S.K.: 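Right, I'll just put the structure down here and ask away after.
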There are 4 protein chains.
Amino acid sequence: MINFAVIGAGRIGRIHAANVAESPACHIHSIVDPFPEAAAALATALNAKVSTVEDVLADPEIHAVVICTPTDTHCDLIERSARAGKAIFCEKPVDLDISRARDCAATVRETGVVCALGFNRRYDPTFNSLKQRIADGAIGATEQVIITSRDPSPPPAEYVKQSGGLFRDMMIHDLDMACWLLGEKPVEVYATGSCLVDPAIGEAGDIDSAMVILKTASGKICHINNSRRSVYGYDQRIEVFGSEGMVQAGNHKPSEVTVSNHQGVSQDQPEHFFLERYRQAYKIELQNFIDALVDGKQLLTNIDDGINALELADACVASMTTGKRITL
Amino acid sequence: MINFAVIGAGRIGRIHAANVAESPACHIHSIVDPFPEAAAALATALNAKVSTVEDVLADPEIHAVVICTPTDTHCDLIERSARAGKAIFCEKPVDLDISRARDCAATVRETGVVCALGFNRRYDPTFNSLKQRIADGAIGATEQVIITSRDPSPPPAEYVKQSGGLFRDMMIHDLDMACWLLGEKPVEVYATGSCLVDPAIGEAGDIDSAMVILKTASGKICHINNSRRSVYGYDQRIEVFGSEGMVQAGNHKPSEVTVSNHQGVSQDQPEHFFLERYRQAYKIELQNFIDALVDGKQLLTNIDDGINALELADACVASMTTGKRITL
Amino acid sequence: MINFAVIGAGRIGRIHAANVAESPACHIHSIVDPFPEAAAALATALNAKVSTVEDVLADPEIHAVVICTPTDTHCDLIERSARAGKAIFCEKPVDLDISRARDCAATVRETGVVCALGFNRRYDPTFNSLKQRIADGAIGATEQVIITSRDPSPPPAEYVKQSGGLFRDMMIHDLDMACWLLGEKPVEVYATGSCLVDPAIGEAGDIDSAMVILKTASGKICHINNSRRSVYGYDQRIEVFGSEGMVQAGNHKPSEVTVSNHQGVSQDQPEHFFLERYRQAYKIELQNFIDALVDGKQLLTNIDDGINALELADACVASMTTGKRITL
Amino acid sequence: MINFAVIGAGRIGRIHAANVAESPACHIHSIVDPFPEAAAALATALNAKVSTVEDVLADPEIHAVVICTPTDTHCDLIERSARAGKAIFCEKPVDLDISRARDCAATVRETGVVCALGFNRRYDPTFNSLKQRIADGAIGATEQVIITSRDPSPPPAEYVKQSGGLFRDMMIHDLDMACWLLGEKPVEVYATGSCLVDPAIGEAGDIDSAMVILKTASGKICHINNSRRSVYGYDQRIEVFGSEGMVQAGNHKPSEVTVSNHQGVSQDQPEHFFLERYRQAYKIELQNFIDALVDGKQLLTNIDDGINALELADACVASMTTGKRITL
């Protein structure tokens with residue numbers, strides 16, 4: 001039985017906790033949260049105890065921690081957990097500052113603990129099916145990748161201010177997917193963006209609409225577009241074009257119902273947001289982490305993927321700021 | 001805490017048991033199966049004990065039974081459970097003999113126990129979304145219903161022999177859906193069929209391909225088609241046509257991936273069979289039963305629905321045998 | 001150069017005339033219509049002369065006639081044209097009375113003239129592609145055929161009264177398609193129907209909603225459904241199910257545009273009615289007739305197809321009237 | 001009656017000639033081509049005479065010329081035709097050299113003749129339906145445009161050498177569509193590309209795979225991707241994303257047939273190439289030109305559109321060559 005502590009009992013913490021609790025190999029031992037009510041509510045639901053970071057890290061009965069706290073605490077918690085010998089599952093991003101993130105990754109490497117990073121999309125069955133078709137040769141050699149990623153509604157400007165900006169906060173997922181699908185790290189980055197959705201986001205110094213082009217050393221090219229607001233729901237599509245064909249991952253719908261009437265022929269909007277769209281991905285992601293602990297199975301996403309994606313996000317910021325193509 | 005006994009530890013019994021076990025309001029107390037290994041395996045997995053029908057019915061700590069045994073034992077187990085005051089969830093069908101089924105329903109009525117029947121499709125989210133659109137007026141008044149239902153591969157002739165035949169074994173689900181969607185009981189039934197898939201099914205006295213037309217007193221018309229073998233997977237579609245439009249429920253796919261290459265533009269086959277296609281329906285079905293026990297919520301499917309569908313199946317058999325339209 | 005006379009300058013007459021005129025091998029010589037304005041308008045547009053049936057049939061310069069007059073004149077005009085040695089293209093149906101139609105076919109046979117019947121759907125590229133896939137073995141042996149055919153809006157009751165009824169007037173197209181796709185003539189027919197769309201149609205002695213099941217000698221089964229009113233447009237779909245798969249012909253849309261917004265994800269309604277949906281079929285149909293005249297190419301639809309379909313329509317009427325399955 | 005001369009009797013010349021010939025308001029008077037056989041064949045088919053550029057321009061009976069000759073002759077023929085007072089329909093592009101093209105446009109302006117440019121895609125019904133939805137407010141304010149344009153197979157390297165390169169030869173269509181859909185001229189251009197399809201294209205100094213990002217003064221952003229080889233057919237898709245939704249134009253298919261079998265659920269590949277995909281657009285384009293001559297209707301595409309698109313293509317070349325964002 002693997003004993004887990006969940007640090008951060010917010011929305012995503014509760015999801016990960018429930019997924020851990022479903023595994024017969026795991027037990028939720030402790031819940032940590034600065035808000036006692038949040039901690040207590042989750043602890044009660046899962047028959048766990050309320051604890052503190054200090055007690056969790058000092059407790060030899062706890063084997064693994066799931067870190068779901070605000071971004072600016074990630075590196076500190078990762079490093080302390082690594083030094084305490086705990087296996088670590090941490091929500092993305094590692095940090096908004098690349099050198100801080102690199103230091104943290106170095107610490108993880110030194111201690112040799114298992115450390116997974118929560119790039120949930122890599123675990124999604126549809127995206128995995130897409131990647132499998134590519135691996136199976138259905139489209140020949142990959143030449144172009146196009147990633148569309150649009151949130152249903154913009155976050156408050158308050159959130160935007162401390163988010164690191166669209167590229168580090170939102171597109172970082174797509175940049176990770178791009179690396180995963182290209183099979184090579186991009187070496188050229190061009191980014192542009194606008195504030196078209198909410199002027200308050202612009203006043204907060206950020207953009208809400210963005211387009212990027214990446215190019216790899218072998219000449220593969222990749223386009224990513226983002227918007228902070230999609231009135232028809234969470235738009236998460238990927239297209240990979242190759243020498244022998246194209247593979248596309250479409251949106252998921254709540255039902256397979258089609259209505260034909262005076263208004264036209266219509267189907268459901270895409271599933272609303274990430275909690276619905278990636279429900280299964282969150283389960284599989286946690287299971288991958290558990291498999292790494294139980295069977296030594298390889299992690300699909302680790303702290304180095306977080307460093308890579310952050311480097312690309314930083315390059316996007318630099319490109320947009322300077323109006324220049326950035327070479328990595 | 002509601003204590004459950006599961007009678008029948010086969011494939012569908014294990015699914016229902018797992019769904020009961022997921023509910024925090026329920027506990028799997030006992031497992032009964034003539035094969036001791038099957039009973040023991042499921043009991044161990046769910047931390048339940050192995051028991052017998054007699055002990056289960058005699059045990060006042062057990063509140064509810066889930067009956068997943070062969071069809072010819074359903075009525076006997078329902079009646080004994082009802083007389084023992086247990087709440088009952090029984091897999092369809094009630095029985096292959098309508099008078100036996102009616103006697104059983106009378107017993108249930110007398111004892112007043114809660115008795116749900118496992119017409120799983122009524123719980124499916126896509127079909128419920130379809131029904132909701134109709135209720136919301138998206139298609140006006142219902143005029144025509146078309147139900148397509150095809151299994152991926154035929155059962156062995158041995159199974160066919162004691163199955164009651166295609167209409168009572170397979171189309172009974174579609175006949176129940178027809179009643180649910182028409183909102184009226186059909187009064188005219190015409191059925192025809194052929195043995196086109198497997199000659200052994202014909203030799204066993206059954207058909208493997210069937211078409212039916214139902215008509216209600218108000219003139220609504222409904223078509224159902226069945227095949228025992230669909231090489232592209234489990235085909236489960238419904239179309240409802242009305243005065244203001246049409247609503248269709250399409251098949252579910254394992255992923256939302258589209259491949260475009262030399263061979264064409266292709267998507268996934270439908271999910272393979274009922275265990276995949278109705279995974280969610282099975283969960284919701286059991287939850288509806290639990291809600292009926294906990295909150296007195298109304299059952300979506302009860303033993304009378306089983307009687308209704310069986311009457312229609314019998315009418316189909318009579319129509320095909322005589323070549324005549326049957327009036328109910 | 002083949003000289004044509006077009007008898008009947010109404011909507012469908014104008015379409016056929018324009019299609020003939022497009023062929024460099026053909027010339028529209030004369031137009032006949034009881035309404036002089038209609039005849040003159042079409043004649044002027046096509047640089048033809050206004051004429052009479054008598055003059056057309058007597059004129060040795062005219063090689064072919066296109067008959068687009070009311071149904072009750074078809075047999076008379078076919079027979080007179082045949083005796084005058086003209087090649088004949090006649091709109092469906094041959095007649096509403098089967099013995100009259102058979103006499104007419106006998107006359108055609110005796111004279112040996114080329115006589116095509118306007119079952120336009122057999123010429124549609126989508127339906128031909130569907131049939132070609134079957135011929136190419138994409139679905140193995142055909143087992144079930146399902147034909148859905150719904151008009152956008154009901155005809156006036158006045159029209160209904162002299163139409164021969166839904167089966168002879170509307171479903172006759174689908175009955176012809178069924179024969180074409182089954183590759184065998186049905187031997188058992190069951191039909192039912194209701195008046196759900198317009199009470200005036202019921203008062204005129206007809207139905208507006210119908211369902212039929214056909215069965216062939218080898219056991220293939222076919223379902224057809226019709227409605228006189230489909231608010232989302234002309235619904236023309238075919239599904240053929242076989243031992244190795246299924247092939248479906250979907251509706252045609254005016255554009256390939258998809259709109260995703262607050263209301264859902266919607267596409268165009270199907271093309272409005274037969275003039276739009278079968279625009280190409282009408283061209284190909286006339287070309288097939290011209291090819292038969294020029295190159296002796298085989299007709300895709302002749303007067304015998306009209307007899308066959310009418311026999312089935314009569315069987316549908318008999319089945320609905322008597323409530324019995326009809327054996328042919 | 002408007003008398004036309006068609007200069008250039010190649011593939012696209014024959015299409016335009018046939019579309020002119022279909023109009024009752026027009027007559028094909030003369031055909032000019034350096035290959036006498038090509039000129040004679042088309043002239044015979046259309047009952048026109050074979051002529052020379054000199055005679056055509058000198059003939060006061062000829063009102064309009066359709067120029068379908070190689071690109072390097074366009075400006076000269078436009079200018080001479082303009083000075084001769086002929087209405088002009090010229091295939092794109094105006095020229096590969098922007099200053100030459102501007103001079104030519106100046107001449108056209110001076111003479112005041114009607115001069116249409118063959119950007120066929122603007123006439124396509126699907127793209128017009130997409131644009132109409134935007135105009136109707138279906139997606140609110142336009143924010144992002146994504147254009148995918150892939151040819152079925154690469155041209156020979158010989159062609160590539162004198163084509164002006166991918167941006168001026170192929171993407172110029174997409175750059176024109178971008179301007180049309182954005183409703184504003186882009187002010188920032190970034191382009192990149194690779195030779196991934198055919199090394200001979202790289203040796204000829206060109207690319208075969210390209211991605212571009214455009215940005216307008218108001219902050220709208222647009223992505224275009226191109227490939228010279230798409231094994232699944234001609235891929236021509238447009239997506240426009242706005243404040244209230246998204247509108248997408250999908251590929252056209254030869255039929256609406258779906259096959260479900262062991263291999264999956266598949267539909268037709270897109271129509272093969274531009275002759276099939278834009279068959280209707282070519283008809284409408286010529287009709288627009290004829291309407292401009294007959295009724296003074298406004299041209300949808302004129303020589304200035306050609307200048308605009310060429311400026312953007314030049315900016316793409318400059319961006320790719322320098323690795324810099326180009327500001328217009």
Side-chain angles (χ1 to χ4, degrees), chain A residues 139-146 148 150 188-198 202 207-233 235 237 239 241-248 269-270 319-320 322-327, chain D residues 139-146 148 150 188-198 202 207-233 235 237 239 241-248 269-270 319-320 322-327:
Chain A
I139 65 161
T142 294
E143 294 174 358
Q144 303 192 22
V145 174
I146 295 167
T148 296
R150 297 167 186 155
E188 290 178 10
V189 176
Y190 175 78
T192 191
S194 298
C195 179
L196 300 170
V197 172
D198 182 358
I207 54 170
D208 48 36
S209 307
M211 284 192 172
V212 162
I213 293 177
L214 310 173
K215 190 174 175 181
T216 70
S218 73
K220 295 176 193 170
I221 41 184
C222 172
H223 163 69
I224 302 171
N225 65 73
N226 276 183
S227 173
R228 285 287 197 181
R229 177 261 301 112
S230 161
V231 302
Y232 53 87
D235 194 351
R237 285 173 290 143
E239 172 175 322
F241 174 81
S243 57
E244 300 293 333
M246 170 173 66
V247 61
Q248 295 167 297
Q269 291 182 333
S319 175
M320 189 179 64
T322 62
K324 294 206 167 108
R325 180 177 83 189
I326 303 299
T327 306
Chain D
I139 66 161
T142 294
E143 293 173 359
Q144 303 191 22
V145 174
I146 295 166
T148 295
R150 297 167 186 155
E188 289 177 11
V189 176
Y190 175 79
T192 191
S194 299
C195 179
L196 300 170
V197 170
D198 182 358
I207 54 170
D208 49 36
S209 307
M211 284 192 171
V212 162
I213 294 178
L214 310 173
K215 190 175 176 179
T216 70
S218 73
K220 294 176 193 170
I221 40 183
C222 171
H223 163 69
I224 301 171
N225 65 72
N226 275 184
S227 173
R228 285 285 197 182
R229 178 260 302 112
S230 161
V231 300
Y232 53 88
D235 194 350
R237 285 173 290 143
E239 172 175 323
F241 174 82
S243 58
E244 302 293 333
M246 169 173 66
V247 62
Q248 296 166 296
Q269 291 182 334
S319 175
M320 190 179 63
T322 62
K324 294 205 167 110
R325 181 177 81 189
I326 304 298
T327 305

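Within every chain, numbering begins at 1; the chains are lettered A, B, ... in the order of the sequence lines, protein sequences first and strands thereafter. Because the structure is predicted, anything quoted here is derived from the model rather than measured.
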S.K.: For A:Ala141, which residues count as a side-chain contact (heavy atoms from CB on, under 4.5 Å) partner, sequence neighbours excluded?
M.R.: A:Ser243

S.K.: Distance from D:Leu196 atom CG to A:Lys220 atom NZ, nearest 0.5 Å?
M.R.: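 Output value for this atom pair is 9.5 Å.
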
S.K.: For residues D:Ser227 and A:Phe241, report the shortest heavy-atom separation together with the two atoms involved.
M.R.: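 Heavy atoms only, the tightest pair is OG-CE2, 3.3 Å.
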
S.K.: Are A:His223 and D:Asn225 close enough that some pair of their side-chain heavy atoms sits under 4.5 Å apart?
M.R.: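 No, too far: nothing below the 4.5 Å cut-off.
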
S.K.: Looking only at atom types and distance, does a side-chain atom of D:Gln144 sit under 3.5 Å from a main-chain N or O of A:Asn226, one as donor and one as acceptor?
M.R.: yes

S.K.: Please round to the nearest 0.5 Å and tell me the distance separating atom CD1 of A:Ile213 and atom CD1 of D:Ile213.
M.R.: 4.0 Å

S.K.: D:Val231, D:Val212, D:Thr148: which one forms the most heavy-atom pairs within less than 4.5 Å of chain A?
M.R.: D:Val231

S.K.: With only heavy atoms counted, which part of D:Ile207 is less than 4.5 Å from chain A, the side chain, the backbone, both or neither?
M.R.: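 Neither part, no heavy atoms under 4.5 Å.
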
S.K.: Report which part of D:Ser319 has an atom under 4.5 Å of a heavy atom belonging to chain A: side chain, backbone, both, or neither.
M.R.: neither

S.K.: Hey, could you give me the CE/CG distance between A:Met246 and D:Asp235, rounded to the nearest 0.5 Å?
M.R.: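 The distance works out to 4.5 Å.
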
S.K.: Need one label for D:Cys222: side chain, backbone, both or neither, based on atoms under 4.5 Å from any heavy atom in chain A.
M.R.: backbone

S.K.: Write down the atom of A:Ile221, the atom of D:Ser194, and the distance for their closest heavy-atom approach.
M.R.: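 The answer is CG2-OG, 4.3 Å.
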
S.K.: Please work out whether the ring planes of D:Tyr190 and A:Tyr190 are parallel, tilted or perpendicular, with thresholds of 30° and 60°.
M.R.: parallel

S.K.: Against chain D, work out which of A:Gly140, A:Cys195, A:Ser230, A:Ser218 has the most heavy-atom pairs shorter than 4.5 Å and name it.
M.R.: A:Ser230

S.K.: Is chain D contacted by the side chain of A:Ile139, its backbone, both, or neither, given a heavy-atom distance below 4.5 Å?
M.R.: neither

S.K.: So, do A:Arg229 and D:Glu143 sit near enough that their side-chain heavy atoms are less than 4.5 Å apart?
M.R.: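 SC-SC contact between A:Arg229 and D:Glu143 confirmed.
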
S.K.: What residues, two or more places apart in sequence or in another chain, satisfy salt bridge (Lys or Arg N to Asp or Glu O under 4.0 Å) together with D:Glu239?
M.R.: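 Testing D:Glu239 for salt bridge (Lys or Arg N to Asp or Glu O under 4.0 Å), a comparison that skips the adjacent residues, returns A:Arg150, A:Arg237.
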
S.K.: Test your reading of the model: is there a side-chain donor-acceptor pair from D:Lys215 to the backbone of A:Gly193, 3.5 Å cut-off?
M.R.: yes

